[in-house]
Amino acid sequence: MKKKVLLMGASGSGKTSMRSVIFSNNPASLTSRLGATIDVEQNLVRFLGDLVLNLWDCGGQDSFMDSYLSTQRATIFQNVGVLIYVFDVESREMSKDLEYYRDCLEALRKYSPDAVVFLLVHKMDLVRNQKGPILERKTKDLRDNSGDTPITVFGTSIYDESLYKAWSRIVHSLIPNAAVLTKHLKIFAEACSATEVILFERTTFLVIATSHETAAPPTTANGTTTTDLTSEDTGDPHQLDPTRYERTSELIKAFKHSCSRMREEFRSLDMELPDYTAVLDELTKNTYIMVVVHDPTIETAAIKINIRLAREKFE
Ligand code: GTP
């Protein structure tokens with residue numbers, strides 16, 4: 001049986017909304033119409049060939065939480081690969097939220113000790129000032145409540161690219177051959193003289209892998225908060241924007257949505273800008289590839305031919 005991805009957190013923290021934006025391609029503005037989740041909604045999301053996410057969206061009302069932690073304890077917490085726990089940044093009941101979180105973590109340690117834990121401090125768009133310090137403070141609270149369990153924390157909102165960053169990292173952690181994919185993308189990038197090559201999943205447009213070292217954050221033994229590497233840190237001569245992956249995901253998703261409203265199908269995109277050329281095209285039946293080239297002598301058509309020639313290798 002496929003390992004589960006548990007999506008948990010208090011009622012109204014935004015679990016179903018993020019699921020509908022990422023996996024059902026609904027615009028964020030429509031999420032206010034979603035009703036509360038009753039008990040657990042199980043979804044099998046086919047992601048990449050054999051990779052299927054067995055996503056369990058657990059309704060967060062107290063009566064359901066109590067039942068997950070008592071009668072349904074073994075059913076819910078067994079065979080979990082990833083726990084994603086969502087906290088509303090503006091929650092007025094943070095101590096109760098943390099109590100439920102600690103209880104869930106205890107059950108997880110017992111039934112699925114190897115599960116990876118991601119914590120999302122959600123609805124960050126509601127924070128007007130001091131986003132950074134507030135996220136830092138919340139992260140510290142969460143770490144203090146996580147004991148020895150390593151955690152990765154993200155600040156997220158359905159209204160910007162931060163949601164794509166978090167979910168891309170989550171999905172990346174679930175891909176068994178991510179390192180092999182990165183290696184092949186590196187070879188391909190070198191063959192095309194590309195600065196960078198990025199692989200996206202077709203429906204969600206989440207980033208699966210890139211030709212750069214790793215799309216996943218460094219993990220420390222005692223819990224991790226993701227910090228963006230700046231181009232100075234990476235010694236990158238092209239000053240690539242550290243938020244480029246998630247911003248591309250968000251923009252293309254919005255563009256695809258506009259295409260579908262015009263009853264058109266999104267196929268590919270070429271951008272020829274003064275500094276660089278970028279080509280986004282289908283690679284396999286489940287993926288899109290983006291090739292970014294800073295060498296002005298390389299023609300877009302040549303990049304496209306290379307993508308066509310690489311298809312068979314990646315299928
Ligand atoms: P249960 O199903 O009861 O467990 O709740 P849930 O966690 O699934 O919450 P849901 O997704 O239904 O979201 C509750 C409300 O939060 C909706 O009105 C969403 O529009 C809103 N919401 C979700 N994400 C965000 C966000 O990032 N920012 C803001 N401002 N509102 C959000």
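One-based numbering, in listed order, for ligands and for the atoms of each. Values below: all heavy atoms of this structure, side chains included; hydrogens, waters and symmetry mates excluded.
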Within the 3.5 Å criterion, strictly below it, is a donor on [X] or [Y] matched to an acceptor on the partner's side chain?
| X | Y | answer |
| --- | --- | --- |
| Ser157 | Asp125 | yes |
| Thr139 | Glu136 | no |
| Gln72 | Asp39 | yes |
| Asp57 | Thr16 | yes |
| Thr284 | Thr287 | yes |

Can you confirm whether or not the ring centre of Tyr288 sits under 6.0 Å from the ring centre of Phe200?
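That pair fails the under 6.0 Å test.
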Provide, to 0.1 Å, the distance between [atom] and the closest protein heavy atom, together with that atom's residue and name.
| atom | result |
| --- | --- |
| atom 9 (O) of ligand 1 | Gly14 N, 3.3 Å |
| atom 13 (O) of ligand 1 | Ser17 OG, 3.2 Å |
| atom 20 (O) of ligand 1 | Thr31 OG1, 2.8 Å |
| atom 5 (O) of ligand 1 | Gly12 N, 2.9 Å |
| atom 3 (O) of ligand 1 | Ser11 OG, 2.7 Å |
| atom 27 (O) of ligand 1 | Ile158 N, 2.9 Å |
| atom 18 (O) of ligand 1 | Ser32 CA, 3.5 Å |
| atom 30 (N) of ligand 1 | Asp125 OD2, 2.9 Å |

Using a strict 4.0 Å cut-off to heavy atoms of [X], name the atoms of ligand 1 that fall inside it.
| X | answer |
| --- | --- |
| Ala36 | 2 (O), 3 (O) |
| Gly59 | 4 (O) |
| Leu126 | 30 (N) |

Does this structure show an ion pair linking [X] with [Y], if we count only N-O contacts that are shorter than 4.0 Å?
| X | Y | result |
| --- | --- | --- |
| Arg202 | Glu282 | yes |
| Asp148 | Arg109 | no |
| Asp281 | Arg267 | no |

Can you check whether [X] has an N/O within less than 3.5 Å of an N/O in ligand 1?
| X | value |
| --- | --- |
| Tyr159 | no |
| Thr37 | yes |
| His122 | yes |
| Gly9 | no |
| Gly60 | yes |
| Leu34 | no |

Give the ring-plane orientation class for Phe23 versus Trp167, where under 30° counts as parallel, over 60° as perpendicular and anything between as tilted.
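Plane angle over 60°, so perpendicular.
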Could you label the plane-to-plane angle of the Tyr85 and Tyr101 rings as parallel, tilted or perpendicular, counting under 30° as parallel and over 60° as perpendicular?
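Correct class here is perpendicular.
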With backbone taken as N, CA, C and O and side chain as the heavy atoms from C-beta onward, which portion of Thr156 lies under 4.0 Å from ligand 1: side chain, backbone, both, or neither?
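Neither; no heavy atom under 4.0 Å.
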Counting heavy atoms only, name the option from Lys123, Met124, Met18 that's nearest to atom 32 (C) of ligand 1.
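It is Lys123 that holds the nearest heavy atom.
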Judged by non-hydrogen atoms, does Ser13 sit under 4.0 Å from ligand 1?
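A heavy atom of Ser13 does come that close to ligand 1.
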Any atom of ligand 1 sitting under 4.0 Å from a heavy atom of Ala10?
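So Ala10 counts as touching ligand 1.
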Knowing that exactly one of Arg169, Glu196, Glu161, Glu250 qualifies, which makes a side chain to side chain donor-acceptor pair (under 3.5 Å) with Tyr245?
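Testing each of Arg169, Glu196, Glu161, Glu250 against Tyr245, the sole residue satisfying side chain to side chain donor-acceptor pair (under 3.5 Å) is Glu196.
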